[in-house]
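Below is one structure; the comments refer to it alone.
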Amino acid sequence: MSSDESEVLPWEKVGKGNAKKLKRAGILVDLERCVGCHSCSISCKTEHSVPLGNFRTRTHYLQRPGHNQITHVPTLCMHCQDAPCLDACPTGAIGRLDDGRVVINDERCNGTKACIPACPYGAISIHKETGRAEKCDFCRQRTDVGLEPACVEACPTEALRYGDMDDATDPVAQYAKEKQAVPILAEAGTKPSVVYVGVESWMEDRVKSVQPTDDEDGIIYE
Amino acid sequence: MNPFGWWIALYFSLATVAAGAAGAGCILLSRADAKSLLRARLALAVSFVAISFGMLALIADLEHPIDFWMTLRHYNPASWISRGSRIAMLFALATGGLLFVVRGGEDRGNWTQLGVPILAVLAVSLAIYPSLVLGQELGRPNWQSPLLPFIFGASAIHVGANILQGTRAIELGVVALEMALVGGYLVTTGALSQVASGSTLIYMGIGIVFVWLVPTVMRNEANAAMLLRAGSLVLGCFGIRSVILMTGLS
């Protein structure tokens with residue numbers, strides 16, 4: 001450790017001035033590293049007090065057709081560059097930040113629910129307690145002060161990485177290029193900012209569009 | 001979670017009836033005889049009641065009904081719900097206004113001549129726009145079907161034809177067109193397999209009986225019969241729209 005680094009204490013790395021300036025915030029999900037431990041979804045629920053039955057981040061357990069092999073596929077809001085939820089919301093409650101993140105303004109949401117079927121990834125749901133739409137915002141309260149999203153920080157295998165997808169010098173963008181990371185359900189044409197390493201076509205049908213619920217039939221753990 | 005539930009199906013069916021009745025009202029108002037004028041008043045009244053209850057159904061569907069005004073206050077030009085809420089509002093105002101103008105059953109005057117084309121344009125918009133709302137929902141592949149605008153349009157024409165009471169051949173032709181479009185939608189999207197069982201089948205049955213069978217059998221010039229047919233069409237349209245909403249995912 002150099003003398004310069006030793007002078008910066010851990011808590012001094014956190015604060016408004018330490019936020020990374022990203023052109024296009026994104027997350028890389030490396031399915032070759034994911035072990036399906038649910039750390040991402042649990043840390044997300046804890047970070048945002050997501051109630052039972054709502055999911056901002058999910059980990060799907062998918063069985064490869066004809067095999068016993070299980071693959072784990074974490075999903076979250078893809079922060080699409082052509083986000084259909086943005087167009088569908090009648091009150092303009094869904095907006096975009098300078099770094100491309102798609103966020104919901106709670107005060108403008110009146111619960112029309114148009115954003116829910118608009119999302120091909122099933123990333124949006126109605127908060128059971130507030131009755132407003134909710135979804136992943138890449139942990140705005142954390143990334144705005146220089147921290148990483150809770151799911152990225154909690155992942156024990158570094159299967160999730162947060163970075164600038166439009167900056168060729170960013171290590172995450174470089175890793176994405178090296179590993180030929182691609183979005184899931186690319187045919188939806190929404191240009192997601194979340195990309196996957198190791199995704200295969202058979203996985204895609206299983207991860208699209210529908211939010212699990214904990215209605216009368218009991219909780220669905222995915 | 002099914003985000004678009006039966007409140008939305010009810011609104012879609014009431015909007016269809018309102019649009020069809022208003023269209024018929026416009027045609028009747030353009031005729032010169034007193035009988036047509038009286039019938040036009042009834043058609044406009046049906047239309048006004050339908051769109052009024054329809055908008056209440058829309059508000060009831062919100063998670064925060066008290067905040068319904070935010071849809072009107074904040075305009076998102078890209079959103080078909082945002083556009084549609086304004087179309088419905090203007091339609092209600094135009095229908096109510098025209099109904100007020102012809103309330104006496106006599107003088108039609110310049111206000112009618114001005115109101116009829118405006119209401120006609122709004123009626124077409126009201127009939128079609130719900131299908132464009134569904135088309136904007138990319139997460140529901142079946143709702144991307146290009147047949148949906150034609151189904152919604154044909155339903156409104158069907159309502160209008162029932163009010164106008166043209167020849168039997170025309171009415172049956174409109175019914176056949178609507179049946180063919182709905183059938184085409186179910187087959188081409190793969191939704192037919194979802195209709196084969198469960199509650200979807202019940203809604204499809206309601207749609208067939210009340211949209212196609214009852215109004216076709218109940219052919220009668222009396223105004224009371226016209227109201228009954230309008231009620232039947234609301235039920236029938238509700239059944240079909242419920243099926244469309246329930247089978248969004250293929």
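Within every chain, numbering begins at 1; the chains are lettered A, B, ... in the order of the sequence lines, protein sequences first and strands thereafter.
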Donor-acceptor check, side chain of Asp87(A) to backbone of Ser79(B), threshold 3.5 angstrom: yes or no?
no
Could you tell me whether Tyr175(A) atom OH has more than 12 heavy atoms of other residues or ligands within 6.0 Å of it?
yes
Quick check on Cys85(A) against chain B: is it the side chain, the backbone, both or neither that has a heavy atom closer than 4.5 Å?
neither
Can you tell me if CD on Gln141(A) sees more than 12 non-hydrogen neighbours from other groups inside 6.0 Å?
yes
Would you name the heavy atoms of Met70(B) and Glu107(A) that are closest together and state the gap between them?
CE-O, 3.2 Å
Got more than 12 heavy atoms from elsewhere within 6.0 Å of OH, Tyr185(B)?
yes
Would you say NZ of Lys45(A) has more than 12 non-hydrogen atoms from neighbouring residues, nucleotides or ligands within 6.0 angstrom?
yes
Heavy-atom count around Glu158(A) CD within 6.0 Å, excluding the residue itself: above 12?
no
What's the verdict on side chain to side chain contact (heavy atoms under 4.5 Å, CB included) for Asn110(A) and Thr71(B), showing C-alpha distance, side-chain angles and the deciding distance?
CA-CA 8 Å; Asn110(A) 62 1; Thr71(B) 307; 3.0 Å; yes
Under a 4.0 Å N-O cut-off, is there an ion pair linking Arg132(A) with Glu63(B)?
no
Do Leu138(B) and Thr190(A) come within less than 4.5 Å of each other through their side chains, counting heavy atoms only?
yes
Hey, which of Ile81(B), Leu62(B), Leu134(B) has the most heavy atom pairs under 4.5 Å with chain A?
Leu62(B)
Is any side-chain heavy atom of Pro90(A) closer than 4.5 Å to one of Tyr75(B)?
no
Check whether Lys113(A) reaches the backbone of Asp61(B) with its side chain - one donor and one acceptor, N or O, closer than 3.5 Å.
yes
Phe4(B) versus chain A, heavy atoms under 4.5 Å apart: side chain, backbone, both or neither?
side chain
Report, as yes or no, whether the 6.0 Å neighbourhood of atom CD on Gln180(A) holds more than 12 heavy atoms from other residues, nucleotides or ligands.
no
Is the backbone N or O of Thr112(A) less than 3.5 Å from a side-chain atom of His64(B), with the two atoms forming a donor-acceptor pair by type?
no
Between Arg73(B), Arg83(B), Gln136(B), which has the largest tally of heavy atom pairs under 4.5 Å with chain A?
Gln136(B)
Given heavy-atom pairs under 4.5 angstrom as the criterion, report whether the side chain, backbone, both or neither of Trp69(B) touches chain A.
neither
The interface call for Ala188(A) against chain B, heavy-atom contacts under 4.5 Å, is backbone
